[in-house]
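Every chain is numbered from 1 and lettered A, B, ... according to where its sequence line falls, protein lines coming before strand lines. Worth knowing before you read on, the calculation uses all heavy atoms, side chains too, and leaves out hydrogens, waters and symmetry mates.
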Protein chains: 2
Amino acid sequence: MSRYPASVIQVIKHFSKLPGIGEKSAERLAMHLLRMPQKEVESLARSIVDMKQKVQLCSLCFGLSDQSVCHICANPARDPRVLCVVEQPADMVCIEKTNAFYGLYHVLHGVLSPMEGVGPENIRFKELIGRIESGEVKEVVIATGTSVEGDTTAVFLAEKLSGFGIIVTRIASGVPVGGDLKYVDPLTLKRAMETRHAI
Amino acid sequence: MSRYPASVIQVIKHFSKLPGIGEKSAERLAMHLLRMPQKEVESLARSIVDMKQKVQLCSLCFGLSDQSVCHICANPARDPRVLCVVEQPADMVCIEKTNAFYGLYHVLHGVLSPMEGVGPENIRFKELIGRIESGEVKEVVIATGTSVEGDTTAVFLAEKLSGFGIIVTRIASGVPVGGDLKYVDPLTLKRAMETRHAI
């Protein structure tokens, strides 16, 4: 790397700090940028700065937004009585893609992790309670991941929300659609069995 | 993707055009940038624009340079009688890392590829001949890759340079150092056998 001109080294250094990009990939990306038209490279750089300046967290759900209230929270067609709790903004986008949810969201920006010192005060838990206390919510769908931390967070939330007289649900975890049982890991299959439902 | 704010979509679009980055990775990168400190993101963007503006091709070897003549061509300690011909600037950096070459370079910026319509006029061939005609060069080491195109280019160059009364060599190809014969592909092993040398 040190044999490249200084300005190239800067780009390689920056890129190799990004997740999933090692020094080799960073080098290849820099070489690609050098071959790209000047205008396109400038547009790429501008888009990054632009995004960083414009994107904020929605003041209601803490999802990503160009405005102070995101387009989902601002949409009168969405049902404010159902709140889906997710870990990260990207999870919210995943659920939106399914077209299977018409309520509102609440992004925690993290999960509880005693190991890493992440407690309720480090995620948007207080804000969730605030939204529920304001009264309109009838159901909270917990859609945190199915990692140990995601499950722990789900159990914690279910417990804390039990006193509010609302329904608390958890998205199902089990055999993927189109999946063959023999390719499903035992833990997932175990849970699919435990959470079986009448058909 | 369409569920993200417009400025985030722009960044995802730009990133997913880069080599080796699919839409999923682009999404993850954008999310990472949003979590990064503003200053660092701006520094990343600036480094890209800066590189694009500063880096030029060395007027002698066509390697990457911050100046009109690169630090290798400008170094009086390098031997101008030996010229190593490579495909791309990154190859030059690879060879520099070995500390095994003390001559100068010549970057072709491509390889001959009749299939893709790349002829000698599309690579820095004319410039290579120009450098040899100017007289100082005694040996040309052809270090193009060992793909079909790399080999074709090597044979073409060897032929064209045969009339100049200089030595034309090709870097060896064969078993990697530390490599076990049973992990080497037959073609490589065949070539290692054909180009065997006295010890």
Side-chain angles (χ1 to χ4, degrees), chain A residues 1-15 17-21 25 27-38 40-58 63-67 70-72 88-90 92-97 109, chain B residues 1-15 17-21 25 27-38 40-58 63-67 70-72 88-90 92-97 109:
Chain A
M1 187 169 94
S2 58
R3 323 280 173 152
Y4 283 111
S7 57
V8 179
I9 293 175
Q10 278 309 312
V11 172
I12 296 177
K13 269 190 188 163
H14 274 297
F15 271 135
K17 277 188 217 155
L18 298 177
I21 299 184
S25 309
E27 213 177 308
R28 207 179 57 225
L29 286 175
M31 292 302 113
H32 183 83
L33 289 174
L34 283 172
R35 281 191 300 264
M36 266 167 63
Q38 173 100 13
E40 232 172 284
V41 173
E42 279 168 5
S43 161
L44 161 71
R46 207 166 38 235
S47 76
I48 293 173
V49 174
D50 199 51
M51 171 182 81
K52 197 70 189 169
Q53 281 167 349
K54 280 190 188 159
V55 173
Q56 44 185 306
L57 297 186
C58 168
L64 302 178
S65 177
D66 277 339
Q67 268 103 34
C70 77
H71 71 286
I72 295 175
Q88 295 294 348
M92 185 169 153
V93 173
C94 287
I95 295 176
E96 278 298 286
K97 280 182 187 159
H109 287 274
Chain B
M1 185 170 95
S2 58
R3 323 278 172 156
Y4 282 110
S7 57
V8 179
I9 293 175
Q10 279 308 313
V11 171
I12 297 178
K13 270 190 185 160
H14 275 297
F15 272 136
K17 279 188 214 152
L18 299 177
I21 299 185
S25 310
E27 214 177 307
R28 206 178 56 225
L29 287 174
M31 292 304 111
H32 183 83
L33 290 174
L34 282 172
R35 282 191 298 264
M36 266 165 65
Q38 174 99 14
E40 230 173 284
V41 173
E42 278 168 7
S43 160
L44 161 71
R46 207 167 37 239
S47 75
I48 294 172
V49 173
D50 197 54
M51 170 182 82
K52 196 70 189 171
Q53 281 167 352
K54 279 189 188 158
V55 172
Q56 46 186 304
L57 296 185
C58 167
L64 302 178
S65 178
D66 278 338
Q67 268 103 34
C70 77
H71 70 284
I72 295 174
Q88 297 294 348
M92 185 169 153
V93 174
C94 287
I95 296 176
E96 278 298 288
K97 280 180 189 163
H109 287 273

Legend entry - I48(A) CD1 to L44(B) CG distance, which is reported to the nearest 0.5 Å: 5.0 Å
Inset, instruction - May I ask you to test the D50(A)-V11(B) pair for a side-chain heavy-atom distance under 4.5 Å? - result: no
Legend entry - Pairwise distance OG(S7(A)) to CD(Q56(B)) - rounded to 0.5 angstrom: 10.0 Å
Inset, instruction - Measure distances from S65(B) to the heavy atoms of chain A and classify the residue's part below 4.5 Å as side chain, backbone, both or neither. - result: backbone
Legend entry - Side-chain (K52(A)) to main-chain (M36(B)) donor-acceptor, under 3.5 angstrom: yes
Legend entry - Part of Q88(A) lying under 4.5 Å from any heavy atom of chain B: side chain
Legend entry - SG on C94(A) to CZ on R3(B), rounded to 0.5 Å: 11.0 Å
Legend entry - Best-contacting candidate, G63(B), A6(B), S43(B), against chain A by heavy atom pairs under 4.5 angstrom: S43(B)
Inset, instruction - Count the heavy-atom pairs under 4.5 Å between each of Q38(B), H109(B), R28(B), K17(B) and chain A, then report the option with the highest count. - result: Q38(B)
Inset, instruction - For each of V49(A), L34(A), L29(A), I72(A), tally heavy-atom pairs with chain B at distances under 4.5 Å, and name the one with the top tally. - result: L34(A)
Legend entry - Largest heavy-atom contact set with chain B, pairs under 4.5 Å, which of R46(A), E42(A), H32(A): H32(A)
Legend entry - Residue among S25(B), S47(B), A30(B) with most heavy-atom pairs under 4.5 Å to chain A: S47(B)
Legend entry - R35(B) portion near chain A, given a 4.5 angstrom heavy-atom threshold: both
Legend entry - Point-to-point distance, once rounded to the nearest 0.5 Å, from OH of Y4(A) to CE of M92(B): 10.0 Å
